[in-house]
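Single-structure report; data block below.
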Amino acid sequence: YSTCERTLARREREAQMKRFCKAQAIQRRLEEIEVTFRELEQQGIKLEKLLRDENGSPADQQTQWTNQLLYLVQKKNSLMTEESDLMIAVQELKLEEQQCQLDKKLRSYMNREDTLKTPEDHKAEQEILAQLLKVVNERNVLIHIQEEKRLSEL
């Protein structure tokens, strides 16, 4: 029995560490996206100034600047989509962590003998179960949103 508990605790720590590493990777990528946004904005400002100020430049040059500006807009939109996906992943990680904590609490109540449980214990067990169901439903909504986004992109 204690071997089973140790195994569960080890798996829980491993899952927690995996979520932590994933959260760190997401945070790093969000910071990179923020830096790239600023760079794209600066490039866009320069191109807009060039397009406004250089009315006497050749048409080819203005076309090239316009194309560069459109490319920057496409890149920014792509980064915004990625940022949105990452924010959904962050929410999913939070819900996963909540689910893990609620599972642990529920397991502690369920491992007790029914004859030793007080009415408060039964009530707490039911509340935890309701919270767990809510978290699972929220995770399901996030998965549904991701699937809709994926299908719309196709």
Side-chain angles (χ1 to χ4, degrees), residues 4-111 123-154:
C4 181
E5 286 178 345
R6 284 195 306 266
T7 302
L8 283 174
R10 181 177 41 87
R11 285 183 183 165
E12 187 178 314
R13 283 192 308 273
E14 289 171 357
Q16 189 174 19
M17 190 56 122
K18 187 177 177 182
R19 284 191 301 274
F20 179 74
C21 290
K22 188 174 180 181
Q24 281 185 322
I26 289 171
Q27 185 61 39
R28 273 193 305 275
R29 183 60 188 142
L30 286 171
E31 289 169 3
E32 290 170 2
I33 288 173
E34 185 64 33
V35 169
T36 306
F37 271 149
R38 280 189 242 120
E39 291 171 357
L40 291 175
E41 191 172 315
Q42 292 302 316
Q43 291 173 10
I45 290 170
K46 288 177 186 175
L47 286 170
E48 282 183 36
K49 283 182 181 178
L50 288 172
L51 282 169
R52 287 186 184 142
D53 296 342
E54 298 295 323
N55 291 331
S57 8
D60 289 347
Q61 184 67 47
Q62 287 185 351
T63 302
Q64 183 182 8
W65 289 335
T66 303
N67 287 339
Q68 287 176 346
L69 192 59
L70 290 174
Y71 172 76
L72 292 178
V73 169
Q74 284 177 328
K75 195 168 181 179
K76 185 176 179 183
N77 287 340
S78 172
L79 287 172
M80 287 176 69
T81 300
E82 183 181 357
E83 183 180 43
S84 171
D85 291 342
L86 290 172
M87 295 309 289
I88 289 173
V90 166
Q91 281 298 107
E92 195 170 354
L93 281 174
K94 286 180 182 177
L95 290 172
E96 195 175 319
E97 179 65 28
Q98 281 181 346
Q99 183 176 350
C100 184
Q101 295 299 319
L102 289 169
D103 279 339
K104 186 177 179 181
K105 285 181 183 178
L106 186 61
R107 221 177 303 117
S108 74
Y109 279 108
M110 294 179 90
N111 285 338
K123 184 178 179 182
E125 188 176 344
Q126 291 303 313
E127 288 175 4
I128 291 170
L129 194 56
Q131 290 173 351
L132 188 58
L133 188 59
K134 181 182 174 199
V135 168
V136 168
N137 285 334
E138 288 175 9
R139 285 184 70 192
N140 188 39
V141 167
L142 286 178
I143 291 169
H144 184 71
I145 289 170
Q146 286 175 321
E147 185 64 20
E148 282 183 0
K149 282 181 73 172
R150 188 185 66 78
L151 290 175
S152 70
E153 289 172 0
L154 294 177

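The closest side-chain heavy-atom distance from Ile45 to Glu41 is below 4.5 Å. Side-chain atoms of Leu40 and Gln43, non-hydrogen and from C-beta on, do get closer than 4.5 Å to each other. In this structure, Gln68 and Gln64 have side chains that are in contact, with non-hydrogen atoms separated by less than 4.5 Å. A 4.5 Å side-chain heavy-atom check between Asn67 and Tyr71 finds every atom pair outside the cut-off. Side-chain contact between Cys100 and Gln16: absent, with no pair of heavy atoms (C-beta onward) separated by less than 4.5 Å. By the 4.5 Å heavy-atom criterion applied to side chains, Glu82 and Arg29 are counted as neighbours. Glu32 places none of its side-chain heavy atoms less than 4.5 Å from the side chain of Val35.
Between Thr81 atom OG1 and Ile33 atom CD1 the span is 10.0 Å, to the nearest 0.5 Å. To the nearest 0.5 Å, atoms OG1 (Thr66) and CD (Gln61) are separated by 10.0 Å. In this structure, CD1 in Ile143 is found 11.0 Å from CD1 in Ile88, a value given to the nearest 0.5 Å. Leu102 contributes atom CG, which lies 8.0 Å from atom CD of Gln99 (distance to the nearest 0.5 angstrom). From Arg13, atom CZ reaches atom CE of Met17 across 10.5 Å, with rounding to the nearest 0.5 Å. Atoms NZ and CG, on Lys104 and Leu8 in that order, are 10.5 Å from each other to the nearest 0.5 Å.
Although no hydrogens or angles enter the test, the distance criterion places a donor-acceptor pair under 3.5 Å between the side chain of Asn111 and the main chain of Arg107. One N or O on the side chain of Thr63 and one on the backbone of Ala59 form a donor-acceptor pair closer than 3.5 Å.
The residues Glu147 and Arg150 are annotated as salt-bridged, a charged nitrogen and a carboxylate oxygen being separated by less than 4.0 angstrom.
Residue Trp65 comes nearest to Leu51 through the heavy atom pair CB-CD2, 3.8 Å, listed as atom of the first residue, atom of the second, then distance.
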If you look only at distance, which donor and acceptor atoms sit under 3.5 Å apart when one is on a side chain in residues 89-97 and the other is two or more places apart or in another chain?
| residue | atom | partner | partner atom | Å |
| --- | --- | --- | --- | --- |
| Glu97 | OE1 | Arg19 | NE | 2.9 |
| Glu97 | OE1 | Arg19 | NH2 | 2.7 |
| Glu97 | OE2 | Gln101 | NE2 | 3.0 |

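Other residues, nucleotides and ligands place more than 12 heavy atoms under 6.0 Å from the CZ atom of Arg10. In this structure, Lys46 places its NZ atom where only 12 or fewer heavy-atom neighbours from other residues, nucleotides or ligands lie under 6.0 Å away.
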